[in-house]
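Presented below is the structure to which this report refers.
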2 protein chains.
Amino acid sequence: MKATTRKIRDADATKARILAAAKSEFARVGLGGARVDEIAERAQANKRMIYHYFGGKEDLFKVVLEEAYLDIRNAEQALALDHLSPREALETLVRFTWQYYLDNPEFITLVNSANLHRGRHLEGSERLRVASRRFVEMVRDILERGAGEGTFRTGVDPVQLNITIAAIGYYYLTNRFTGAVMFERDYMSEDALEQRLAFNIDTVMRLVLA
Amino acid sequence: MKATTRKIRDADATKARILAAAKSEFARVGLGGARVDEIAERAQANKRMIYHYFGGKEDLFKVVLEEAYLDIRNAEQALALDHLSPREALETLVRFTWQYYLDNPEFITLVNSANLHRGRHLEGSERLRVASRRFVEMVRDILERGAGEGTFRTGVDPVQLNITIAAIGYYYLTNRFTGAVMFERDYMSEDALEQRLAFNIDTVMRLVLA
DNA sequence: TAGGTAACGCACTAGTTAGTTACTTACAAT
DNA sequence: ATTGTAAGTAACTAACTAGTGCGTTACCTA
């Protein structure tokens with residue numbers, strides 16, 4: 001009956017609720033704007049528990065941030081791009097990156113907040129470094145396979161390509177509010193999103209094709 | 001002697017000092033993180049003056065933001081790209097955008113902060129809309145001239161191109177802290193900056209060339 | 001079933017924070 | 001020279017904020 005017993009006290013569940021609430025709050029108003037009391041309330045936990053489990057606001061932010069990055073890196077691995085042709089693999093990656101940002105808007109704001117604070121909340125994370133190395137190797141492999149079969153040109157730096165793939169989706173979405181004012185466009189209509197994705201796939205393909 | 005008289009009371013000078021201090025503070029720690037007392041102190045002005053001249057923290061942010069955008073739009077116009085060949089004009093724009101971000105790092109953080117707050121501080125700015133329209137027309141003109149002489153392909157959306165030109169520079173710089181942790185690279189060395197700019201010019205050229 | 005341990009809650013502190021009140025003082029126009 | 005007005009100041013306040021001290025209670029294990 002253990003699984004069905006409604007535990008009044010459940011450390012794991014409380015921790016998870018705090019993390020979820022913190023992710024949402026940090027994403028909504030940034031590290032500086034987030035309020036510990038608000039996170040506690042939304043997590044239906046006592047504020048004391050945040051200090052008990054995580055140490056403090058900044059430590060909580062570190063955990064939220066690392067989780068967010070590990071989550072996208074894991075999702076990328078799950079794509080199994082090495083089973084696809086180089087061309088398909090790259091297009092799949094561009095589409096995935098775009099869709100991930102759309103489905104997880106809090107990821108973008110968390111990353112922005114982390115960088116406003118000069119990345120200091122991520123500095124020690126060896127887990128993230130390992131995951132990132134694997135990711136770069138994955139892209140390098142696609143580029144090498146493509147160059148080998150003659151589809152792609154040689155000499156494309158996988159890190160630069162990664163940055164560009166992220167940039168063309170990320171920038172569009174994170175700056176959509178000021179963009180909408182300046183360019184008097186609806187950035188988020190179905191048509192607009194579709195057009196941007198098509199433009200981005202085109203950009204990346206023209207960049208690597210032989 | 002008016003010009004050389006050291007006025008103890010000078011509304012314009014005080015306003016300007018407040019604006020400069022606010023720009024720096026908002027850029028450093030965001031709207032939420034900035035402290036009105038700190039801005040007043042750094043401006044060597046009394047906090048009361050901020051409320052007197054600008055109304056409040058958020059109104060001050062609005063002015064800072066609008067100024068920042070108008071500044072880059074003016075600088076772009078000053079490039080006189082219509083005097084260059086389409087190809088040179090576009091490369092000049094890519095180089096300029098990149099260099100502007102490097103020379104005015106506060107611009108990027110201000111824009112990030114504005115978007116974290118869903119662009120609401122910019123919503124009413126007709127001045128910015130006018131300047132942006134002129135900017136889009138400038139890029140459209142380059143693309144049309146290029147297409148006319150056969151250098152560029154047809155059908156490239158100038159707004160999408162603008163977004164991409166901004167994105168590939170902006171993203172690299174704003175996310176350089178988390179990027180440095182993940183990819184174990186120095187984003188800001190002279191070599192790295194030069195390589196990124198070259199990569200970006202290449203990306204844009206491949207995107208538009210016929 | 002007894003008791004130790006970890007989960008949890010209340011109420012507080014010490015320091016901040018945006019914004020204001022009530023005042024003084026320089027300056028320019030008359 | 002006088003004086004109205006705008007520039008400038010200092011000392012508040014009321015609300016907020018991260019973090020904590022200390023006591024209580026549920027749950028697991030021996």
Side-chain angles (χ1 to χ4, degrees), chain A residues 1-65 113 116-117 120-121, chain B residues 1-65 113 116-117 120-121:
Chain A
M1 292 285 252
K2 244 180 190 171
T4 52
T5 302
R6 264 274 177 77
K7 274 207 267 182
I8 295 172
R9 298 191 163 191
D10 187 333
D12 289 341
T14 304
K15 263 180 165 169
R17 283 202 317 279
I18 290 172
L19 267 180
K23 187 177 190 176
S24 157
E25 269 302 286
F26 286 137
R28 200 170 59 84
V29 286
L31 172 60
R35 299 293 162 240
V36 177
D37 287 282
E38 181 69 21
I39 293 169
E41 195 179 343
R42 290 180 56 159
Q44 298 185 77
N46 193 279
K47 180 166 60 153
R48 198 71 189 74
M49 292 297 95
I50 292 176
Y51 292 91
H52 186 242
Y53 289 126
F54 298 96
K57 188 183 180 183
E58 304 244 329
D59 303 278
L60 179 57
F61 185 68
K62 279 185 189 178
V63 176
V64 166
L65 201 62
S113 205
L116 178 63
H117 294 93
R120 93 184 116 89
H121 300 92
Chain B
M1 292 288 248
K2 242 179 189 170
T4 51
T5 302
R6 264 275 176 77
K7 275 206 270 183
I8 295 171
R9 299 192 162 193
D10 188 332
D12 288 342
T14 305
K15 262 180 166 169
R17 285 203 316 278
I18 289 171
L19 267 180
K23 187 178 190 176
S24 157
E25 268 301 286
F26 285 136
R28 200 170 58 85
V29 285
L31 172 59
R35 299 292 161 239
V36 177
D37 287 282
E38 180 70 21
I39 293 170
E41 194 179 344
R42 290 179 55 159
Q44 297 184 79
N46 191 279
K47 179 166 60 153
R48 196 67 189 77
M49 292 295 96
I50 292 176
Y51 291 90
H52 186 242
Y53 289 126
F54 298 97
K57 188 184 180 183
E58 303 242 330
D59 303 277
L60 179 57
F61 185 68
K62 279 185 190 180
V63 177
V64 166
L65 201 62
S113 205
L116 177 62
H117 297 279
R120 92 184 118 90
H121 300 92

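Just so we're clear, the structure is a prediction, and the values are computed from it rather than from any experiment. Below, read A as the first sequence line, B as the second, and so on, with proteins coming before strands; counting in each chain starts at 1.
For B:M49, counting side-chain heavy atoms from C-beta on, the closest listed nucleotide (D:dG8, C:dT20, D:dG19) is D:dG8. Closest approach to the B:N46 side chain among D:dT9, C:dT20, D:dA18 is made by D:dT9 (side chain taken as heavy atoms from C-beta onward). Out of C:dA18, C:dA7, D:dG19, the shortest distance to the side chain of B:D37 is found at C:dA18. Of the candidate nucleotides D:dA7, D:dT9, C:dT17, C:dT17 has the atom nearest to the side chain of B:R35. Here the side chain of A:R48 is nearest to one of C:dA18, D:dA18, D:dG21, namely D:dG21.
Side-chain to base pairing of B:K47 with C:dG19: one donor and one acceptor N or O lie within less than 3.5 Å of each other.
Counting heavy atoms from C-beta on, the side chains of B:K57 and B:F26 come closer than 4.5 Å.
For C:dA7, neither phosphate oxygen OP1 nor OP2 lies less than 4.0 angstrom from any side-chain nitrogen or oxygen of A:T14. Side-chain N/O atoms of B:Y53 include one lying less than 4.0 angstrom from OP1 or OP2 on D:dA7.
Protein atom CG of A:L60 is 10 Å distant from nucleotide atom P of D:dG19, rounded to whole Å. Nucleotide C:dA22 holds its P atom 18 Å from the OH atom of B:Y51, rounded to whole Å. Between the NE2 atom of B:H52 and the P atom of C:dG19 there is a distance of 16 Å, rounded to whole Å. In this structure, B:I50 atom CD1 and D:dA7 atom P are separated by 15 Å, rounded to whole Å. Rounded to an integer number of Å, the gap from CG of A:D10 to C1' of D:dT25 is 16 Å. When rounded to the nearest whole Å, the span between CG of A:D12 and P of C:dA6 equals 14 Å. The distance between atom CD1 of A:I18 and atom P of C:dG9, rounded to the nearest whole Å, is 10 Å. Atom CD in A:E41 sits roughly 14 Å away from atom C1' in D:dC16 (whole-Å rounding).
A salt bridge is defined here as a Lys NZ or Arg NE, NH1 or NH2 lying under 4.0 Å from an Asp or Glu carboxylate O, and B:E25 with B:R42 meets this definition. A:R120 has a carboxylate O that lies under 4.0 Å from a charged side-chain N of A:E58, or vice versa, which qualifies the two as a salt bridge.
Here CE of B:M49 is found 11.0 Å from CZ of B:F54. Values are rounded to the nearest 0.5 Å.
Backbone-only contact: B:A34 has heavy atoms under 4.0 Å from sugar-phosphate atoms and none from a base.
In this structure, A:G55 and B:R17 both approach DNA chain D, and ranking their closest nucleotides by distance from the 5' end singles out B:R17.
Just one of B:D59, B:I39, B:T14 meets the side-chain contact (heavy atoms from CB on, under 4.5 Å) condition when paired with B:I50; it is B:I39.
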